[in-house]
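First the structure, in the form of structure tokens, and then the observations on it.
Lettering follows sequence order; numbering is per chain, from 1. Being a predicted model, the structure only gives us computed values, none of them experimental.
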2 protein chains.
Amino acid sequence: MVTIYQVSELAGVSLATVSRVMNNNAKVSDKTKQKVLDAMAELGYQPNSIAQSLASNRSNSVGVLVSELHGPFFGDMMSAIEETLRHEGKHTIITSGHSDEQREKQSIEFLIGRKCDALILHAEAVSDEYLLELERRGIEFVLINRYIESLKNRCICLDNRQGGYLATQHLLNLGHRHLVYISGPLWKQDAQARLTGHKQALNEAKIAFTQAQLFEGDYRQDSGCKGLDYFLERGQKFTAIVCANDEMASGVMSRARELGIEVPDELSIVGFDNIIYASYLYPTLTTIDYPIYDMGKMAAYSILKTVYNKKEVQVTPVFVPQLKARGSSVYHA
Amino acid sequence: MVTIYQVSELAGVSLATVSRVMNNNAKVSDKTKQKVLDAMAELGYQPNSIAQSLASNRSNSVGVLVSELHGPFFGDMMSAIEETLRHEGKHTIITSGHSDEQREKQSIEFLIGRKCDALILHAEAVSDEYLLELERRGIEFVLINRYIESLKNRCICLDNRQGGYLATQHLLNLGHRHLVYISGPLWKQDAQARLTGHKQALNEAKIAFTQAQLFEGDYRQDSGCKGLDYFLERGQKFTAIVCANDEMASGVMSRARELGIEVPDELSIVGFDNIIYASYLYPTLTTIDYPIYDMGKMAAYSILKTVYNKKEVQVTPVFVPQLKARGSSVYHA
DNA sequence: AATGGAAATGTAAGCGCTTTCATTTATAGC
DNA sequence: GCTATAAATGAAAGCGCTTACATTTCCATT
């Protein structure tokens with residue numbers, strides 16, 4: 001392995017000088033700089049990043065916590081983060097938390113132990129208190145899709161309330177008056193916010209919302225099926241159903257098909273997230289676009305700015321959801 | 001930060017002894033071991049993994065190269081790898097290569113620079129030669145879904161040929177006699193192998209295969225649409241279509257729907273991979289199961305065994321694909 | 001009790017870098 | 001040409017660990 005020492009020898013300078021040209025953080029005359037660069041090239045020198053980290057107390061790595069490594073949503077998020085960071089020579093260590101408090105904590109501590117310079121967290125299950133403690137410990141981090149007032153400058157959020165509002169408003173505009181709602185797990189902040197938006201839209205249209213119109217799902221496909229069954233069994237009257245995410249919407253769709261309910265003619269469906277295969281379904285799914293790719297990128301930018309001193313980037317913390325009207329929702333007389 | 005030194009002080013032993021109990025790779029008497037453990041607990045000591053790596057020349061990290069960070073296929077693969085490795089205290093650095101030679105190389109070199117102890121590569125675009133060179137350089141790695149004879153003990157493969165065979169055989173068994181095939185990019189090994197299996201099945205059934213029955217796609221949804229159009233325009237007669245992956249199959253399906261072709265009544269479709277949403281489609285997609293999760297796990301095991309000396313694991317390098325018959329393929333008179 | 005050898009522990013030299021501080025060299029002012 | 005100052009470079013001390021080797025301790029023999 002070729003080390004900085006051999007480069008310095010070949011170039012006829014000291015270790016310190018080689019280090020300086022590598023990091024170009026100090027004055028080095030053009031002449032010596034060139035000598036060093038030549039020596040590096042000649043030897044095919046590659047700095048040892050571990051040694052750099054130990055000496056500089058910088059690992060040039062950022063840790064990412066997602067709920068699941070698979071699934072279209074987190075895939076896009078990871079893509080965005082990895083691309084952005086690698087472009088700056090930083091690397092990404094990815095872990096998953098499975099929406100479970102213990103596992104999320106464990107992953108976060110693991111990343112800290114790995115000496116990540118910063119963390120990007122899609123943390124759903126850990127307490128606000130724990131996150132506040134992280135800040136007290138001096139850990140650098142940003143939160144994706146979680147809002148904590150006292151940590152607001154660390155939050156990259158989608159306005160979920162607005163998203164829920166748009167979804168419902170869309171159906172209302174199409175003439176639907178009897179809606180039901182399949183939510184995500186209500187202990188999750190985003191699930192609550194989306195539901196709040198839904199209620200707000202109903203309220204503005206002077207339509208009452210009752211518990212009977214709500215089914216609490218778990219964001220998985222299967223709970224879409226269950227939700228539809230639930231409403232049907234109870235004899236609930238509805239012409240449209242809004243789902244707190246696309247997976248559940250797809251569940252509703254396939255269950256409806258099994259039951260011989262025509263979508264969208266007899267039942268309009270709206271999802272949330274705009275995951276890639278929302279547009280592969282039949283009928284194509286009307287949904288709320290969640291710009292997760294851009295949000296991942298923004299999280300990475302935010303880290304680059306605060307931790308790695310890239311001054312020029314501009315961080316916009318709040319994203320606005322948009323309606324994607326497609327085939328699964330139609331006008332109701 | 002609490003270091004090994006402070007632990008040694010509190011425990012009243014030397015640095016070396018503390019290091020020994022941490023790694024428990026040398027005899028330490030039970031009494032002193034306990035003293036050290038107590039001291040660690042009292043101080044809340046966390047070893048500095050960077051320093052460990054530098055001193056031991058082990059980073060306890062393994063690098064993973066996938067084509068894309070998003071997408072159901074790679075998601076499952078990453079999940080499997082990360083879970084398996086983390087269970088053993090190793091960590092995973094993930095990069096993407098986008099099926100492009102330059103980017104794949106760059107990613108691999110990046111991982112090597114990060115001092116990964118081993119690499120798990122889903123490398124499609126780099127040459128065999130380059131991979132052989134990696135071996136010469138002494139880099140530890142395993143290949144997922146790529147077979148190179150002289151590297152065969154490093155290959156975790158699916159029998160793609162057999163998969164292609166099964167897909168076609170299934171349609172043949174259903175009575176179809178006029179098939180067309182949408183392949184992946186034929187420079188990719190798996191695309192070739194799947195096609196070979198297809199031809200073999202046709203051959204056994206004494207059905208001729210001509211170039212006119214082949215469309216070379218790119219594994220993306222859109223090329224499914226294109227492929228269907230291609231065959232239709234040419235007036236090709238066919239009652240079934242086999243696609244080299246599910247995404248293209250889904251493309252065929254949606255294009256067929258646009259054109260008013262009934263699936264499966266007028267056209268049977270078979271995919272490949274069994275990605276999660278193959279079963280969300282309508283009709284549900286008949287496909288070949290690609291046990292990527294298990295293969296990812298196996299790759300991780302293989303690393304654990306050869307690099308980290310976990311003796312007890314058993315490595316099975318070749319996986320056998322299986323047919324998942326579902327709604328998109330039916331009997332043809 | 002003396003002895004030898006194994007077991008336990010300690011000493012200290014790195015691992016390959018960064019960075020402070022000291023020293024040398026260049027630049028300018030007179 | 002000589003100093004005063006700034007710019008460039010070098011020397012060396014770490015960063016927090018591992019590990020080869022040296023030393024001490026312990027126990028079983030005799």
Side-chain angles (χ1 to χ4, degrees), chain A residues 1-40 43-61 89-91 112-117 308-309, chain B residues 1-40 43-61 89 91 112-117 138 308-309:
Chain A
M1 150 165 283
V2 22
T3 73
I4 197 177
Y5 179 72
Q6 317 182 28
V7 174
S8 78
E9 254 189 337
L10 181 59
V13 298
S14 71
L15 298 188
T17 302
V18 177
S19 175
R20 284 183 188 108
V21 351
M22 277 174 45
N23 300 293
N24 76 148
N25 52 5
K27 312 251 89 70
V28 176
S29 73
D30 289 350
K31 207 175 52 189
T32 42
K33 177 183 269 181
Q34 198 51 54
K35 278 195 297 188
V36 171
L37 258 18
D38 290 349
M40 283 178 172
L43 296 172
Y45 170 71
Q46 292 282 110
N48 179 321
S49 58
I50 302 284
Q52 286 179 313
S53 296
L54 183 60
S56 66
N57 202 25
R58 262 282 156 94
S59 66
N60 283 313
S61 67
K90 313 303 175 192
H91 82 273
I112 295 172
R114 261 16 249 208
K115 299 282 173 267
C116 292
D117 296 332
Y308 297 118
N309 296 311
Chain B
M1 153 166 282
V2 23
T3 74
I4 197 177
Y5 179 72
Q6 317 184 28
V7 174
S8 78
E9 254 189 338
L10 181 59
V13 299
S14 72
L15 297 189
T17 302
V18 177
S19 175
R20 285 183 186 108
V21 350
M22 276 172 47
N23 300 293
N24 77 146
N25 52 5
K27 312 252 89 72
V28 176
S29 72
D30 289 349
K31 208 175 54 189
T32 39
K33 178 183 268 181
Q34 198 51 55
K35 277 194 300 188
V36 171
L37 259 18
D38 290 348
M40 283 178 170
L43 297 172
Y45 171 71
Q46 293 282 108
N48 179 323
S49 58
I50 302 283
Q52 286 178 315
S53 297
L54 183 61
S56 66
N57 204 23
R58 262 281 154 95
S59 65
N60 284 313
S61 66
H91 83 271
I112 295 171
R114 262 16 251 210
K115 298 281 171 268
C116 292
D117 297 331
Y308 296 118
N309 297 312

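Distance Q6(A) CD to dG16(C) C1': 11 Å, rounded to the nearest Å. The CG-C1' distance, from N24(A) to dA8(D), rounds to 15 Å in whole Å. Regarding K33(B), its NZ atom lies at a distance of 14 Å from the C1' atom of dA7(C), rounded to whole Å. Note: CG (D30(A)) to P (dA26(C)) measures 15 Å, nearest angstrom. In this structure, I50(B) atom CD1 and dG16(C) atom C1' are separated by 13 Å, rounded to whole Å. If you take NZ of K27(B) and P of dA7(C), they are 8 Å apart, rounded to a whole angstrom. The nearest whole Å value for the distance from the CG atom in N23(A) to the C1' atom in dT19(C) is 10 Å.
Within the 4.0 angstrom heavy-atom criterion, only backbone atoms of the sugar-phosphate kind lie near V13(B); the bases stay farther away. Among the protein residues, S19(A) comes within range of the nucleic acid bases, having at least one heavy atom under 4.0 Å from a base atom. Residue contacts shown for N57(A) are absent, as no nucleic acid heavy atom lies under 4.0 Å away.
Residue L10(B) holds its CG atom at 11.0 Å from CE of M40(B), rounded to the nearest 0.5 Å. The OG atom of S56(B) sits 8.0 Å away from atom CG of N23(B), with the distance rounded to the nearest 0.5 Å. For the atom pair CG of L54(A) and OG of S49(B), the computed distance is 10.0 Å after rounding to the nearest 0.5 Å.
Annotation: of the two residues near DNA chain C, A51(B) and G12(B), the 5′-most nearest-nucleotide partner is G12(B). Along DNA chain C, the nucleotide closest to K31(B) and the one closest to S56(B) are compared, and the more 5′ of them pairs with K31(B). Residue whose closest nucleotide on DNA chain D sits further toward the 5' end, between L15(A) and T32(A): T32(A).
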From CA spacing to verdict: side chain to side chain contact (heavy atoms under 4.5 Å, CB included), C116(A), S61(A): CA-CA 5 Å; C116(A) 292; S61(A) 67; 3.9 Å; yes
Test log, rule side chain to side chain contact (heavy atoms under 4.5 Å, CB included), inputs M1(B) and N48(B): CA-CA 9 Å; M1(B) 153 166 282; N48(B) 179 323; 4.3 Å; yes
Candidate pair V18(B) and Y5(B), rule side chain to side chain contact (heavy atoms under 4.5 Å, CB included), full reasoning: CA-CA 9 Å; V18(B) 177; Y5(B) 179 72; over 6 Å; no
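Closest contact between the side chain of N25(A) and the listed nucleotides dG16(D), dT19(C), dT18(C) involves dT19(C). Taking every side-chain heavy atom of T17(B) into account, dT9(C) is the closest of dT9(C), dT18(C), dA8(D). You'll find that the side chain of R20(B) is closest to dA20(D), out of dA20(D), dA11(D), dG16(D). Between dA8(C), dA12(D), dC17(D), one nucleotide has an atom nearer to the side chain of A16(A) than all others, and that is dA12(D). Of the candidate nucleotides dC17(C), dC17(D), dT18(D), dC17(C) has the atom nearest to the side chain of N48(A).
In this model, the phosphate group of dT18(D) is approached by a side-chain N or O of Q52(B) to a distance below 4.0 Å at OP1 or OP2. Checking the phosphate oxygens (OP1, OP2) of dT9(D), a side-chain nitrogen or oxygen of S29(A) falls inside 4.0 Å. For dG10(D), one of the phosphate oxygens OP1 or OP2 lies less than 4.0 angstrom from a side-chain nitrogen or oxygen of S14(A). At the phosphate of dG16(C), neither OP1 nor OP2 sits under 4.0 Å from any side-chain N or O atom of T3(A). Dashed line: the shortest gap from a side-chain N or O of Y5(B) to OP1 or OP2 of dA12(C) is not under 4.0 Å.
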